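From a predicted model like this one, the values you see are computed outputs, not experimental measurements. Each chain gets a letter, A, B and so on, in the order its sequence line appears, and its residues count up from 1.
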2 protein chains.
Amino acid sequence: MAQAQILSKNQQMVFQIIEKAKGPLKAYSILYDVQKKGIKAPLQVYRALDKLLELGKIHKIESRNAFVACKNSNCEITKATAFSICEKCEKVTEINNSKLTNYLSNFQDTTGMKYSKYNLEFFGLCKKCK
Amino acid sequence: MAQAQILSKNQQMVFQIIEKAKGPLKAYSILYDVQKKGIKAPLQVYRALDKLLELGKIHKIESRNAFVACKNSNCEITKATAFSICEKCEKVTEINNSKLTNYLSNFQDTTGMKYSKYNLEFFGLCKKCK
DNA sequence: AACGGCTTGTTATAATATAACATTTATTAA
DNA sequence: TTAATAAATGTTATATTATAACAAGCCGTT
């Protein structure tokens, strides 16, 4: 049985902040928070973020340079991510739709490229902002 | 008949450089190029980029903070973009697949969000790097 | 000519991210 | 257990990406 990944001190601190947040967090706003707890420099945050991304515990919203906790249970590796983003309130939701995942994971283009990963971001207005 | 959008001087300069390039260009590498031709400051480049994005003449590769010319004829508005990105040589290809476009344009998630736009980035190894 | 809209020019600065190097802690393997 | 190795940390400095704020110019319309 695979043991749950144990996070280091800094990784834990950064992860907990992202997990508790209601929306995507930016690296420097995370830094601001963890400065109360001993982390002093951007690099310490970025290193933790890198590791958490690698583990699939968090995802990066590329269009926003911001980070969210993964909401899919047992997400271990980040290789197929999809998000909806409200352009007004900036609410971000991770899309967990097996048909979509299937469709994209099996997508082949004409260039003969072998895909190992994708990231999809939908933009629009959420229910409230519509 | 809709007249072709006329670009301003700076917009043209920036567009031509992106169009001629073999791959995605970063803002500051564009700046370096156009400095020979009179543009001096980052903001002048970013303003041109913003306008070109708005017109759909170029797209931004979000995961790379880089810009490519749109390869689809008559692309006027950017609302449905898909790219394949080689993680080794960084070659980027715009995917123009009507089935994919259809599938994603009509995708509905369970949150009731109304989408107006999406961006999809596939990652992997291209034919050469595989 | 006067107005309005867009584009430009310019300086400064904000926001995001990594380089380089020294040290410490944890894990593995003899 | 101890030496070797790998992973994480701490720290200073700096690179890279992007925007704020304000002044001025260009161009079509009225």
Side-chain angles (χ1 to χ4, degrees), chain A residues 2-18 21 23-68 76 85 87 90 92 119 121, chain B residues 3-18 21 23-68 85 87 90 92 119 121:
Chain A
Q3 186 176 9
Q5 176 73 26
I6 290 165
L7 299 178
S8 75
K9 192 185 56 156
N10 288 359
Q11 289 157 18
Q12 268 183 53
M13 267 163 53
V14 169
F15 180 60
Q16 284 174 11
I17 286 172
I18 297 175
L25 292 183
K26 305 216 152 207
Y28 276 71
S29 94
I30 295 168
L31 175 58
Y32 178 81
D33 272 357
V34 294
Q35 273 176 337
K36 302 163 194 160
K37 301 176 187 171
I39 285 183
K40 288 181 183 166
L43 196 43
Q44 294 171 285
V45 171
Y46 279 104
R47 285 198 281 227
L49 289 172
D50 283 348
K51 189 68 185 185
L52 294 168
L53 285 169
E54 193 190 315
L55 295 172
K57 306 279 289 177
I58 63 171
H59 303 302
K60 182 172 186 180
I61 310 300
E62 293 286 357
S63 64
R64 300 296 186 263
N65 298 318
F67 303 85
V68 293
E76 284 177 11
I85 303 168
E87 289 184 298
E90 292 292 330
V92 168
N119 178 55
E121 297 180 5
Chain B
Q3 186 174 9
Q5 176 74 25
I6 290 167
L7 300 178
S8 76
K9 191 185 58 153
N10 287 1
Q11 289 158 15
Q12 265 184 54
M13 267 164 54
V14 169
F15 181 60
Q16 284 175 12
I17 285 171
I18 297 175
L25 293 182
K26 305 216 151 204
Y28 276 71
S29 95
I30 295 168
L31 175 59
Y32 179 81
D33 272 359
V34 294
Q35 272 175 337
K36 301 162 194 160
K37 300 176 186 169
I39 286 183
K40 288 179 183 166
L43 197 43
Q44 295 171 285
V45 170
Y46 279 104
R47 284 198 282 229
L49 289 172
D50 282 348
K51 189 69 185 185
L52 293 167
L53 284 169
E54 193 189 315
L55 296 172
K57 307 280 289 179
I58 64 171
H59 302 303
K60 181 172 186 180
I61 309 300
E62 293 286 357
S63 64
R64 300 296 186 262
N65 298 317
F67 303 86
V68 293
I85 302 168
E87 290 185 299
E90 292 293 327
V92 169
N119 179 55
E121 298 180 6

| message | In whole Å, I'd like the distance from the CG atom of B:Leu49 to the C1' atom of D:dT17. | response | 11 Å

| B:Lys51 side-chain proximity, nearest of D:dG10, C:dT7, D:dT17 | C:dT7

| request: Specify the residue among A:Arg47 and A:Ser29 whose closest nucleotide of DNA chain C lies further upstream toward the 5′ end. | output: A:Ser29

| query | Rounded to whole angstrom units, what separation is found between the CG atom of A:Asp50 and the C1' atom of D:dT9? | reply | 14 Å

| task | Determine: side-chain N/O of A:Asn65 to OP1/OP2 of C:dA17, distance under 4.0 Å, yes or no. | result | yes

| Whole-Å distance separating the CD atom of A:Glu62 from the P atom of C:dT16 | 14 Å

| message | Can you tell me which nucleotide in D:dT11, C:dT11, D:dA18 comes closest to the side chain of B:Ala27? | response | D:dA18

| said: Tell me the interatomic distance from B:Tyr46, atom OH, to D:dA21, atom C1', rounded to whole angstroms. | reply: 18 Å

| remark: Out of C:dA20, C:dT11, D:dA18, minimum distance to the side chain of B:Ala41 belongs to C:dT11

| task | Calculate the interatomic distance between A:Asn10 atom CG and D:dT11 atom C1'; express it in whole Å. | result | 13 Å

| note | d(B:Gln12 CD, B:Leu52 CG) to nearest 0.5 Å is 10.0 Å

| query | How far apart are the closest heavy atoms of A:Val68 and A:Ile18, and which atoms are they? | reply | C-CG2, 3.6 Å

| A:Gln35 has an atom CD; how far is it from atom P of D:dT9, in whole Å? | 16 Å

| field | Selection from C:dG9, D:dT12, D:dA18 that lies nearest to any side-chain heavy atom of A:Leu43 | value | D:dT12

| request: To the nearest Å, give me how far apart CD1 (A:Ile39) and P (D:dT11) are. | output: 11 Å

| task | Tell me which nucleotide among D:dC22, C:dT16, C:dT7 gets nearest to the side chain of B:Ser8. | result | C:dT7

| said: So, does B:Lys26 get its side chain near the phosphate of D:dT17, meaning an N or O under 4.0 Å from OP1 or OP2? | reply: yes

| remark: Considering only heavy side-chain atoms of B:Gln44, the closest of C:dT18, C:dT8, C:dT11 is C:dT8

| request: To the nearest 0.5 Å, tell me how far B:Asp50 CG sits from B:Gln11 CD. | output: 10.0 Å

| task | Report yes if a side-chain nitrogen or oxygen of B:Lys9 is closer than 4.0 Å to either non-bridging phosphate oxygen (OP1 or OP2) of C:dG9; otherwise report no. | result | yes

| query | Taking only N and O in the side chain of A:Lys40, is any of them less than 4.0 Å away from OP1 or OP2 of D:dT11? | reply | yes

| Closest to side chain of A:Tyr28, choosing from C:dA17, C:dT8, D:dG10 | C:dA17

Contacts table for residues 33-45 of chain B: side-chain donor-acceptor under 3.5 angstrom, sequence neighbours left out:
from	atom 1	to	atom 2	distance (Å)
B:Gln35	NE2	B:Lys40	O	3.4
B:Gln44	OE1	B:Lys40	N	2.9
B:Gln44	OE1	B:Ala41	N	2.8

| In Å and rounded to the nearest 0.5 Å, what is the CD1 to CD distance from B:Ile85 to B:Glu90? | 7.5 Å

| Gap between atoms CG and P, on B:Leu55 and C:dC6 respectively (whole Å) | 13 Å

